[in-house]
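Report on one structure; see the data block that follows.
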Amino acid sequence: MRNTNSLEMTNANDPSLKTWVQVPKGSDFPIQNLPFGIFKNKRLSPRAGVAIGDKIVDLAVLQEEGFLSALHLPDAIFLGESLNDFIELGRPVTKKVRERVSELLREDNEELRDHQSRGKVMVNRKEAEMLMPVKVGDYTDFYSSMEHATNVGSMFRDPANALLPNWKHLPVGYHGRASSIIPSGVNIHRPKGQYKTPDMDAPQFGPSRKMDMELEMGFITCKPTKLGDSITTAEAEEHIFGFVLFNDWSARDLQAWEYVPLGPFLGKNFASSMSPWIVTLDALEPFRVAGPKQDTPVLPYLAFKGNKSFDIKLEAYLKPEGGKDNLICQSNFKYMYWNIAQQLAHHTVNGCNINVGDLYASGTISGPTEDSFGSLLELSWNGTKPLKLADGTKRSFMEDGDTITLKGYCEKDGVKIGFGEVTATLLPAK
Ligand code: MN
C-alpha cells in the first residue's frame, strides 16, 4: 500500500516544496505549478501529461504502474487526444490528482524517485509534440478589458462615447469559431476578405492589410450544465478547470467593414492560437487579487464576493522573419474589468448550457499605459504611430514572416507559475 495520508497535510502550492526533478532556474513549471496537457512523441501515442521543469510526467504510465490507484480513476483515463474525459471528473478529483503528482515529485518521497519505472514515467519535454489539450466544442470571446474597449471605441467610433451604454452593465461577448482554434506552433496564413476604407467607393477583395494579434487568456470549463440552467457567480469556479494563453488573430480591415450590425465574423474566425498547458485554477489560488473597482452598480446576478481576479503578468513579442524577439506589450490579467465568475454567470443567465472543454476567452487585455496595450491596433493607434523594432523596421500591423509569441506568469514568494507560451508565424496569403 502506498501512503497517501500526507495529501491532507500538505499543500501543493506551498512555496517551500522542493522536487527531486531538476528544474532550471526561472522555469515556468516548478513543482508548485503542475499544469496538464496532451502530448505525443515518436514512441508514444497521444496522452495526458503534467509539466515539471524540462520533463513531462506521463500520466497514462503513472496510472498503469499503480501510482494513482488510491484515487480510483476510470481505466485509461489519460490515454487519448484530449483532457475532456479527465476534467469532467470534476475539480475535487482533478485537484487530488494534482496533489498526488505533487506528492510523488517531492524531494523526500522515494516512491517514484527510486522506482524502476521512473525512466518510463518521466518524458523529455523537448522530444514531445504538444497537441490541443482539450477538444473545444464551443468558443466564446468576451470584451472585458475597459481599456481595450475604450481604445477600440475611440478609434472605430467616437472618442467622446467610446464605451457603449451597455458596457458597464454586462460582460459583452460573442460566439466565436471553435474549429479554427489551433495549438501553439501551428502557423497561419494571412486571411483574405473584403475591406473598404473611407476613401474607397466600393469594397475590395484581397489579403488583409491590417493583420493583428490579440493578447488574451482563456478558461476551460469542466462541469456541464443542462439547457435552461444558470450558474451563479458563487458557483462559477466549480465549472472552471484552468487557464491558457490565447492569441485571437484579427484582420482589422475585414473586421471594420463587416462588423455592423452583427459583430465579428471573417475578421476573426480564420484562426485563434492557444498555449498547450492548462494551468489549473488550483495552482493560481495564491495569486488571487481584486479586479478593478466596478463604479457602475451591477444587477444582482452579476454581484460577487471575494477576489475573483488573478495577478498574471502577460507579455507579447514580435519577431520579424530571421530577426529577434521584440517585447511589444506588457499587460496583466488583473486589469480586466469583468471577472471570470461574472462572465460565466452572464453567459448562462438566459439558460445557455455549457459543455466540458468549452473555451471562454477574455478579450484583448490592455492596461492603462501605452506599452500595456494588447493589440497592434492599439499599440500603433490604427497605424498612426508605428512601432519601432530593434532592427530599425517599423510595424503598424503584421508583415508576412512575423512571429507573435505570448507569455504569461505569476510570481510571488520566490515561486513562478508560468503558462509557457503560444506562438505562431504569419505566412503569406494562400
Ligand atoms: Mn478577441
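The first residue in the sequence is number 1, and the count goes up from there. Atoms within each ligand, like the ligands themselves, are counted from 1 in listed order.
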| query | Which N, O or S atom name in E216 marks its closest approach to the Mn ion (ligand 1)? | reply | OE2

| field | Nearest to the Mn ion (ligand 1) - the N/O/S atom of D248, by atom name | value |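 Within D248, restricted to N, O or S, the Mn ion (ligand 1) is closest to atom OD2.
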
| said: Would you say that more than 12 heavy atoms from the other residues, nucleotides or ligands in this model lie under 6.0 Å from the CG of D201, or not? | reply: no

| How many degrees, to 10°, between E214 OE1 and D141 OD2 as seen from the Mn ion (ligand 1)? | 160°

| S309 side chain to N339 side chain, donor-acceptor N/O pair below 3.5 angstrom |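 Absent: no donor and acceptor within the cut-off.
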
| Are a donor atom and an acceptor atom from the side chains of T384 and N382 found within less than 3.5 Å of each other? | no

Distance-only donor-acceptor pairs under 3.5 Å for side chains of residues 422-430, two or more places apart:
| from | atom 1 | to | atom 2 | distance (Å) |
| --- | --- | --- | --- | --- |
| T423 | OG1 | I404 | O | 3.4 |
| T423 | OG1 | T405 | OG1 | 2.8 |
| T425 | OG1 | T403 | OG1 | 2.7 |

